[in-house]
Protein chains: 2
Amino acid sequence: MPRPSRREHLIETAITLFCEHGYHATGIDRLLETAGVSKKTMYQHFRSKEELIYAALRQYDGVFRNNFMKAVEGAGKTPKEKLLAIFDVAETWFNDNKFFGCMFINAISEYSEKDSPIRDISRQFKQLMWNYVFDLAKEANANEPKKLANELCLLLEGAIVTAQVSQKPEAAATAKEIGKKLIDSAVSS
Amino acid sequence: MPRPSRREHLIETAITLFCEHGYHATGIDRLLETAGVSKKTMYQHFRSKEELIYAALRQYDGVFRNNFMKAVEGAGKTPKEKLLAIFDVAETWFNDNKFFGCMFINAISEYSEKDSPIRDISRQFKQLMWNYVFDLAKEANANEPKKLANELCLLLEGAIVTAQVSQKPEAAATAKEIGKKLIDSAVSS
DNA sequence: ATCTAAGTAAACAGATCGGTTTACTTATGA
DNA sequence: TCATAAGTAAACCGATCTGTTTACTTAGAT
């Protein structure tokens, strides 16, 4: 693995700190000290803190979805199994000791302005996740793939927040059980 | 209605601003200007900003749950109907133009330290909401009231976050439909 | 070898942060 | 009526915020 560029390294550090401590609470100085990068270097890679936030969210968007999809594909053979595997993948995510909820939900809770680019990126992420679930639902020949995707995504959000707030990773299993019923009744296997 | 005390007024203002803009992003100066209260007065009612946050969360905890329960009681006669009404009440909440998600979820996303009092208050709120749903589930003679409460609370969280992030208040209806199936199969009516 | 691009450390700037203090004003109850 | 409690406005404090600048150091390619 080649040594990451300053840019990549800053983004990685930003993701870590924004996830754990939030966006406003993470100061540039602290971030730079953690990354071991000088201020000047950062500001010639990013125009502002906001731009670094955008970059971090976009990077995390790509990496997270990629990892998530790979894990789901590896955990189930049929589309139906993959739909269910979503919740198993979620559970291992929740059990990571660096789990602090969904970075995008957290972002929106700090930036509520309706036209904020941060909001847009976060909504986009959720939309792309929904698209993935929708595709799986179609592959599984679900009666109403849109409806099933809505339902499973809502269950996933519920599990994420429950795991985050109430420190109960087993929320994933609760969601999975409900999901199984919905999948079974939507997919005549 | 008597004129509210400075303390109450500050807490009300704090709730409004913390909900919309978050905790770190809401500065004391801005809050005081909005409330029309001097700094000295605030600091002889609250030792610090953190204490004001605690007070705001505790106040909101009481008011929100009270309003929520009243709305649910008014929207359904039987315990079973009340369980379903949870999602109708949620939907009207989501459609409020001052809806910015759940204040406690948002709080935890900014204060992730495991022993933070802010975290404790937020978890407590979720626990009390769970207790209420659990009581309704018992009244409805559900097979496994604990399980049903877990499920319905998870659905509610999912609806809240979906409404917040994706700006879809209709997430409440999605959750309600799933909830109805779970209630029906748990309650032999 | 040397020029250049990219890095560092650190001082600096102006704004804002949470919080304290001072001096003055208002209300209220004995 | 007058003491007291509670309020305001505003100056002030040190720390921290985002962002800029200066002066110096490296690393690489020609």
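First the proteins, then the strands, lettered A, B, ... as listed; each starts at 1.
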Specify the separation, in whole Å, of atom [atom1] of [X] and atom [atom2] of [N].
X     : N      : atom1 : atom2 : answer
A/L10 : C/dT8  : CG    : P     : 9 Å
A/M42 : D/dT21 : CE    : P     : 15 Å
B/E51 : C/dG18 : CD    : C1'   : 14 Å
B/K49 : C/dG19 : NZ    : C1'   : 12 Å
A/K39 : C/dA11 : NZ    : P     : 12 Å
A/Y23 : D/dT18 : OH    : C1'   : 18 Å
B/H21 : C/dT16 : NE2   : C1'   : 16 Å
B/Y43 : D/dT8  : OH    : P     : 15 Å

Review point. Do the side-chain N and O atoms of A/E110 and A/N106 include a donor-acceptor pair separated by under 3.5 angstrom?
Key: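 Side chains of A/E110 and A/N106: no pair found under 3.5 Å.
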Looking only at the side chain of [X] (C-beta and beyond, no hydrogens), which of the listed nucleotides [options] gets closest?
X     : options              : result
A/Q44 : D/dG7, C/dG7, C/dG18 : C/dG7
B/S48 : C/dG7, C/dG19, D/dT8 : C/dG19
B/S38 : C/dG18, C/dT8, D/dT8 : D/dT8
B/T41 : D/dG7, C/dG7, C/dG19 : D/dG7

So, for [X] and [Y], which heavy atoms are closest and what is the spacing to 0.1 Å?
X     : Y      : value
B/R6  : B/T41  : CG-CG2, 3.8 Å
A/F87 : A/L156 : CE2-N, 4.0 Å
B/V89 : B/A71  : CG2-CB, 3.7 Å

Check your understanding: Is there any side chain to side chain donor-acceptor pair (under 3.5 Å) pair reaching into residues 133-161 of chain A, and which pairs are they, with sequence neighbours excluded?
Key ->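 Non-adjacent pairs meeting side chain to side chain donor-acceptor pair (under 3.5 Å): A/K126-A/E157, A/W130-A/N150, A/K147-B/E177.
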Practice item. State plainly whether the residues A/D184 and A/K180 are in salt-bridge range, i.e. N to O under 4.0 Å. Key: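 Yes, A/D184 and A/K180 are salt-bridged.
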Exercise for review: For DNA chain D, find the residues of residues 27-37 of chain A with a heavy-atom distance under 4.0 Å and give them by number; none if there aren't any.
Suggested key: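 Result for residues 27-37 of chain A: A/G27, A/I28, A/D29, sorted by number.
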Review point. When hydrophobic residues are tied together by side-chain contacts of less than 4.5 Å, even through go-betweens, does A/L31 share a cluster with A/F100?
Key: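 No: no chain of side-chain contacts under 4.5 Å links A/L31 to A/F100.
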Review point. Under 6.0 Å between ring centres, would you say that holds for B/F18 and B/Y60?
Key: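 Distance test on ring centres: not under 6.0 Å, no.
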Exercise for review: Rounded to the nearest 0.5 Å, what's the gap from OG on B/S109 to CZ on A/F104? Could you check?
Suggested key: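 Answer for the OG-CZ pair, B/S109 versus A/F104, is 14.0 Å.
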Exercise for review: Answer yes or no: does a side-chain N or O of B/H45 lie under 4.0 Å from OP1 or OP2 of D/dG7?
Suggested key: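 Affirmative; the distance criterion is met.
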Give every pair of a protein N or O atom and an N or O atom of nucleotides 24-26 of chain D that lie under 3.5 Å apart, one pair per line with the distance.
none

